[in-house]
Amino acid sequence: MKDYITQLLENNENFVQEHLAKDPNFFVNSAKGQEPKVLWIGCADSRVPPNEITKTQPGEIFVHRNIANLVIQTDMNMLSVLQYAVEVLKVEHVIVCGHYGCGGVKAAMGTHQYGLIDNWLRQIKDTQNFYWKQLEVLNESERFNRLVELSVIEQVYNLGKTNIVQNAWNERKNPWLHGWVYDIGTGYVKEQTSMINNEETLKEVCKFEQGIIGH
Ligand code: CO
């Protein structure tokens, strides 16, 4: 039986050949630099690969992934990626993409301890508490799905509140922020927020003051 890692290396050779067959200069051009239009902040979940689900090529999407696609104000890793993407690469869009069936959200809904990760997921519990009125009337699977959606909207709000995004909005009216949820059971993306590129729209779409969001 072929070793799994050997298989991956063979796949890589095929990847090179396939790209060269379509465009002999693909890698030569790739090595010159990147001009991605999009920063993707997604879940680390192996079932949500940004390039595959958007049918994009290497060079098109700048990517940051963590468990449960969270935008946490003290996360130096996320902030560094965001700053570089917005201020140096000047991406036009930032997409926060969550997904139904997210293990991180599921863990945050329960009381079982998983270790260090509990602290990372803490913010999702806050989101659940904040929207409890609209969540408590739902059955368990509906509540799970809705919390995935609400958490994505909250991360879009967190993004819009960073000084990085606020300064960019003042300067050039973008990046546009988008909240998406990917359905791992169908392959489709469901948009959660309309295009946001200023403080007013951010507040209007996220409606945090009223604690309602959507319906
Ligand atoms: Co996930």
Side-chain angles (χ1 to χ4, degrees), residues 8 36 38-56 58 60-82 85 91 93-132 134-136 138-162 165 175 177-193 196 205-206 208 213-214:
L8 296 187
V38 173
L39 165 62
W40 175 280
I41 299 177
C43 185
D45 193 301
S46 60
R47 298 165 296 179
V48 196
N51 285 122
E52 278 88 339
I53 69 179
T54 58
K55 286 199 64 115
T56 45
E60 290 190 59
I61 302 186
F62 201 65
V63 175
H64 176 78
R65 293 170 76 176
N66 61 45
I67 292 183
N69 44 272
L70 296 177
V71 176
I72 302 211
Q73 299 87 328
T74 51
D75 178 2
M76 285 291 289
N77 187 351
M78 181 279 301
L79 289 172
S80 302
V81 171
L82 179 66
V91 295
H93 303 274
V94 183
I95 297 168
V96 177
C97 186
H99 64 102
Y100 297 123
C102 183
V105 174
K106 186 76 180 166
M109 290 174 79
T111 53
H112 182 80
Q113 284 199 11
Y114 293 92
L116 177 68
I117 183 74
D118 301 334
N119 303 291
W120 176 252
L121 298 174
R122 177 61 234 216
Q123 196 203 84
I124 303 172
K125 285 184 186 290
D126 294 339
T127 304
Q128 181 175 238
N129 289 339
F130 193 79
Y131 295 104
W132 187 245
Q134 71 165 272
L135 289 169
E136 71 173 340
L138 305 175
N139 70 35
E140 202 178 320
S141 73
E142 289 169 343
R143 186 184 303 161
F144 184 14
N145 287 346
R146 187 61 184 145
L147 185 55
V148 164
E149 297 171 354
L150 289 169
S151 180
V152 161
I153 297 166
E154 175 149 345
Q155 305 322 306
V156 170
Y157 185 81
N158 291 346
L159 260 183
K161 284 296 179 184
T162 60
V165 169
L177 307 186
H178 312 259
W180 288 5
V181 171
Y182 175 72
D183 188 334
I184 49 177
T186 66
Y188 287 107
V189 162
K190 208 168 132 189
E191 285 185 286
Q192 300 300 316
T193 67
I196 298 167
V205 172
C206 295
F208 268 66
I213 294 187

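What you see is a predicted model, and the numbers here were worked out from it, not measured in a lab. Order of appearance sets the numbers: ligands from 1, and atoms from 1 within every ligand.
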Q) Going from CG on Leu135 to CD on Gln128, what distance comes out if it is rounded to the nearest 0.5 angstrom? A)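 One gets 6.5 Å once the value is rounded to the nearest 0.5 Å.
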What's the spacing between Leu39 CG and Leu159 CG if we round to 0.5 Å?
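Result: 7.5 Å between the selected atoms.
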Point to revise | Test item: Lys125 side-chain N/O and Gly110 main-chain N/O as donor-acceptor pair under 3.5 Å | key: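 Here the side-chain-to-backbone pair exists.
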State whether the side chain of Glu142 and the backbone N or O of Asn139 hold a donor-acceptor pair below 3.5 Å, judged by distance alone.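 Yes, Glu142 side chain to Asn139 backbone: donor-acceptor pair under 3.5 Å.
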* the Co ion (ligand 1): which protein N, O or S atoms are under 2.8 Å away? ->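 Checking every protein N, O and S atom gives Cys43 SG, His99 NE2, Cys102 SG.
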Q. Which atom pair, heavy atoms only, marks the closest approach of Phe62 to Pro36?
A.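 Smallest interatomic distance, heavy atoms only, reads N-CB, 3.8 Å.
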request  = Indicate the atoms forming the closest heavy-atom contact of Gly98 with Asn69, along with that distance.
outcome  =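 Gly98 and Asn69 have their closest heavy atoms at CA-OD1, 3.2 Å.
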